[in-house]
Amino acid sequence: MLCYFIKNMGTLQRTKIVEILSSDTFLSQQINVRGWVRTRRGNKQISFIALNDGSTIKNLQIVVDITTFGDEFLKPITTGACVSITGVLVVSQGQGQTVELQASDIQIYGTADAETYPLQKKGHTLEFLREIAHLRPRTNTFSAVLRIRHAMAFAIHQYFNEKGFFYLHTPIITGSDAEGAGAMFQVTTLDLNDMPKTTEGKVNYENDFFGKPTNLTVSGQLEGELGALALGNIYTFGPTFRAENSNTPRHLAEFWMIEPEAAFYDIYDNMDLAEDFLKSLIRYALDHCADDLDFLNSMWDKELIDRLKFVAENDFVRLSYTEGVDILINSGEKFEFPVSWGVDLQSEHERYLVEKHFKKPVILTDYPKEIKAFYMKQNEDGKTVRAMDVLFPRIGEIIGGSQREDNYDRLLDRINELNIPMKDLWWYLETRKFGTAPHAGFGLGFERLLLFVTGMGNIRDVIPFPRTPKNAEF
RNA sequence: UCUUCAGUAGCUCAGUCGGUUAGAGCACCUGACUGUUAAUCAGGGGGUCGUAGGUUCAAGUCCUACCUGAAGAGCCA
């Protein structure tokens, strides 16, 4: 800190554009700004630089007197160049902005050759920007999305902290292959070109790093339950991996998931938490990301802000799977997949309930046990389990959760019925053997939340560096 | 993984019934312009038509396979 201070003595501290534009304390002051050039335009006498430093979606206009700096010096200041500019902040003579910086000193940190720099002043398609993911954070759209992504991550921690939930770090490498949430990525240090074999000709994992097969986690839930049955209320927030060959705008091979788990919660407490959680995150975005949301609203999705407000202000509809199926059967709607009690609901069915019938978020509960995971608490009817899915317009399933089966015998029966290999999950069963308690939790896909909050249409555009089948660039 | 659509200049696209030297807008370069707002105006350069085969006198255009991307579906968060 001392070194930093001495090193910078005599030079002006950098001021962020977001601070300059949010108060009038800098007016008539000499300040220094640093950032990347969006455009430069003008004539022989005067040049205007639109400068963005990532702190806000808004640019600061820099006014440059060409006779002072010289044409040759200004030439390399093109779109994409990085500069440090010192000058006095004045009231703008032009129409498009309230203040502007009269440049008195310009330092060029890095140029961006205009013939090869891929980002132009004109618009680009999202598909093209995905191919240059190393540069797309410099665009308005992606800087807005990434600032909102940060705000939502912060709001999640703040929400749970205030509710007394502890942040539990569950493992990313797992030794169990029975989490039951999809195909897994194997983790190994064995030489794939020279695998040690057992006498039966199978891979001998005794020499692998962990002495047994391991994978990247598909969910932190099972470990989360261990935390909840000790600390009371916990949540996880970390990366999750699915090796499914899913090619849709709603799936990633690597995504971030939030999984709260709470002891002494039943499914109703769980629904209350999920609804309050989502609403408060959306309110946080409306309150703290107004500039970025305004931009996304005008650029990509004219109904975005109205939709966010509507969801934040209205109650979610709650109904059972059985009631939902009745509505679908009596709807008169022709579905590609016919509906009957016991079938898993297809996208078209969920969309009908959310977007046509209720026109608001829906929480569906008490699904047939056959179509849900082994750990969900069985209802007295013997047919359904205490599952809950939160269905959102445009997104579909944004949250999946349940009250967990806390009875040792019933859980073991279910595991045996489904032939789940539980040899690696003995520790999970012991929570029901020693001091078991009713508990519940859910999983929220962070990028699915961001799809909804930003109005973006493709999940690859709400994470900085998407991982999808056949794509691990950057 | 299945179905459908797409791939032509740096970007976004047009290219008719298969027919001469493949076009436009933007970007870029050069010039003009005394305050611009994705500045404007004039001129200029820029192409392995996704890849590999095939049909044909002739293929950007038709056929086959593959690659890549997108949308919908499945799986799910």
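Every chain is numbered from 1, with letters handed out A, B, ... down the list of sequences.
Between B:G74, B:U12, B:C76, one nucleotide has an atom nearer to the side chain of A:F128 than all others, and that is B:U12. For A:P249, taking side-chain heavy atoms from C-beta onward, the closest of the listed nucleotides B:G35, B:A38, B:G72 is B:G72. In the set B:G35, B:U34, B:C28, B:G35 carries the atom at the smallest distance from any side-chain atom of A:S92. Minimum atom distance to the side chain of A:K44 is reached by B:C33, of the listed B:C11, B:G35, B:C33. Distances from the side chain of A:D344 to the nucleotides B:C28, B:A73, B:C76 place B:C76 closest. If you check B:A70, B:C76, B:U1 against the side chain of A:R130, the one that comes closest is B:A70. Of all nucleotides listed (B:U1, B:U36, B:A27), B:A27 comes nearest to the side chain of A:Q120.
Using a cutoff of 4.0 Å between basic side-chain nitrogens and carboxylate oxygens, A:K16 and A:D53 are not scored as salt-bridged.
Each of A:L252 and A:G123 has a nearest nucleotide on RNA chain B; the 5'-most of these lies closest to A:G123.
The gap from the C1' atom of B:C11 to that of B:A27 amounts to 7 Å, rounded to the nearest Å. Atom name C1', nucleotides B:C41 and B:U36: the rounded distance is 15 Å, in whole Å. Rounded to a whole angstrom, the distance from the P atom of B:U12 to that of B:A22 is 23 Å. Comparing B:G23 with B:U16, their C1' atoms are spaced 14 Å from each other, to the whole Å. The separation of B:G50 from B:G60, taken at their P atoms, amounts to 10 Å, rounded to a whole angstrom.
Pairing for B:G19 is with B:C57, a Watson-Crick or G-U wobble pair whose two hydrogen-bonding atom distances lie under 3.5 Å. Base-pair partner of B:A6: B:U68 (Watson-Crick or G-U wobble, both distances under 3.5 Å). Across the strands present, B:A14 finds no partner; the criterion is a Watson-Crick or G-U wobble pair with both atom distances under 3.5 angstrom. Pairing of B:U30, defined by two Watson-Crick or G-U wobble distances under 3.5 Å, is identified with B:A42.
A distance-only check finds no donor-acceptor pair linking the side chain of A:T384 to the backbone of A:N379 [under 3.5 Å].
A:Y321 and A:Y367 have tilted rings, their planes meeting at an angle from 30° to 60° on a 0 to 90° scale. A:F160 and A:Y235 have parallel rings, their planes meeting at less than 30° on a 0 to 90° scale where 60° marks the start of perpendicular.
Nucleotide B:C63 carries an anti base; the chi torsion (O4'-C1'-N9-C4 or O4'-C1'-N1-C2) is more than 90° from 0.
Within a heavy-atom distance below 4.0 Å of RNA chain B, the residues of residues 460-474 of chain A found are A:R460, A:K470.
Contact check, A:N43 against B:C33: no side-chain N or O comes under 4.0 Å of OP1 or OP2.
By the 4.5 Å heavy-atom criterion applied to side chains, A:L252 and A:I463 are counted as neighbours.
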